[in-house]
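Below, read A as the first sequence line, B as the second, and so on, with proteins coming before strands; counting in each chain starts at 1. In this text, all values refer to a predicted model and were calculated from it rather than measured experimentally.
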There are 2 protein chains.
Amino acid sequence: MYLRYLEDLDTRGQQTASSDELAHLCGTTPAQVRKDLSFFGSFGKRGLGYPVHELTAHLREILGLQREWKVIIIGAGKIGAALANYRGFRQRGFKVAGVYDNDPLKVGQPWGEAIVRRMEDIEADLTREDAPIAVLAIPAEGAQQVVDRLVAAGVRAILNFAPTQITVPPHVNLKSVNMAMELEGLSFALTNPGYLDEGVA
Amino acid sequence: MYLRYLEDLDTRGQQTASSDELAHLCGTTPAQVRKDLSFFGSFGKRGLGYPVHELTAHLREILGLQREWKVIIIGAGKIGAALANYRGFRQRGFKVAGVYDNDPLKVGQPWGEAIVRRMEDIEADLTREDAPIAVLAIPAEGAQQVVDRLVAAGVRAILNFAPTQITVPPHVNLKSVNMAMELEGLSFALTNPGYLDEGVA
DNA sequence: GAATGTGAAGGCTTTCACAGCG
DNA sequence: CGCTGTGAAAGCCTTCACATTC
């Protein structure tokens, strides 16, 4: 999050930014900003603030964004397309190395710069050119099964959009995004005003 | 999350579920399950577990899912389409009441059961038929401006997919999902093994 | 004077452990 | 006997406040 706003400031040519300024941009508190950044080092100058350009570079390195990450997308549907369309995706070094689908109608079709491939090809493709990150954009049914295959094939990180609980071994990183659950959270907040903090977020 | 798995169990005809079982399904701990549920009441029976069907109904009520929620989607792109396509979306009582876009090429085109409308129509449409939930699926530029208009028009909850920080007044509920940031989190985890817990999630 | 870096305090969440009930 | 509900303990994260540095 800090990186996003620091990049903006850097583009605009701003030299330094205080924890106060960053906090306002990110919707946090100055103390939080300082604690967060201090976890990785002492980047600021007392009396001045943080050097924007330098800190940007530091954060990019910490996040591992200097290199290019190859990403395979499982499920040639709308979610995968949304990700691939998103400028920031490629801009930040994520490159779609392949798209896979079970639907024979979709297999072979062009999809951005790639061509949709058969689900069965995953294993073979991954031995040839390994893609450590996979985006799972398929229905809940069978998602775990696909994940098991991905893990066996050497995938080390998975971004899951399937609305179901996924289990992976300890060496694999998993993040899940569940859009329906987000909406249900809003339904709850609207139904029970006062239970939750409202406001800036 | 509990609701999702309880519904599954209910469909399969299971009568009761222990906190142990729910914890395994959801990837939590039994104590967590009990604390969470106890916040809303005493739904379980000691020695037996929780009555699946009854608890399902309770949770639906707590979440405010008995009624139908009208949702407007801002931005007739891939993300909105992915949401509208998703079965669970409608199944859980969320109904797309309108889709809006700035692009003249998209305005007037059919979009699911709706027709894409002009962004300028939002205010007029909302006075006629108010939609308390809005999904923001547009680029970061101008997102805050659109949000301000939505809020002024009476929208009370916003699900934001624009990759930028949004501010709303205290009476409006906001949730943000940032796909690029999720991937960057995976990049971090792959780059710095050991900083984060890995494994089941 | 201005703003960071950081121990200490405070607050929140999770886990423990067990009494109590079916 | 099995499993919930829940105070108490432990752990984690945020906020405070101030010495420190530029």
Study note, to complete from the structure: With B for base contact, S for sugar-phosphate-only contact and - for none (protein heavy atoms under 4.0 Å), nucleotides 15-21 of chain C reads B-B-BBB
For [X], which residues count as a side chain to side chain contact (heavy atoms under 4.5 Å, CB included) partner, sequence neighbours excluded?
X	value
A:Glu61	A:Gln66
B:Ala57	none
B:Thr29	B:Ala31, B:Gln32
B:Arg60	B:Leu3, B:Glu7, B:Thr56, B:Leu65

Review point. Should the pair B:Phe40 and A:Phe188 be assigned to parallel (<30°), tilted (30 to 60°) or perpendicular (>60°) ring geometry?
Key: perpendicular
**Study point:** Of residues 8-23 of chain B, the positions that come close to DNA chain D - non-hydrogen atoms, cut-off under 4.0 Å
**Key:** B:Ser18, B:Ser19
**Study point:** End axis versus end axis in the helix from C:dG1-D:dC22 to C:dG22-D:dC1, the angle rounded to 10°, five pairs used at each terminus
**Key:** 10°
**Study point:** Outermost DNA chain D nucleotides near chain A [under 4.0 Å, heavy atoms]
**Key:** D:dT14 to D:dC22
Check your understanding: Got more than 12 heavy atoms from elsewhere within 6.0 Å of CD, B:Gln15?
Key -> no
Exercise for review: With sequence neighbours left out, write down each residue that passes salt bridge (Lys or Arg N to Asp or Glu O under 4.0 Å) with B:Arg90, or none if nothing qualifies.
Suggested key: B:Glu113
Check your understanding: For A:Tyr86, what residues pass the ring-ring contact (aromatic ring centres under 6.0 Å, His included) criterion, not counting sequence neighbours?
Key -> none
Study note, to complete from the structure: By nearest-heavy-atom nucleotide on DNA chain D, the more 5' of B:Tyr50 and A:Leu48 is B:Tyr50
Practice item. Sort and list the pairs that fulfil salt bridge (Lys or Arg N to Asp or Glu O under 4.0 Å) and have at least one residue in residues 131-154 of chain A, not counting sequence neighbours. Key: A:Glu123-A:Arg149, A:Glu141-B:Arg87
Revision key, fill the gap. Residues pairing under side-chain hydrogen bond (donor to acceptor under 3.5 Å, both in side chains) where one sits in residues 67-83 of chain A, two or more places apart or in two chains, turn out to be A:Trp69-B:Ser187, A:Lys70-A:Glu129
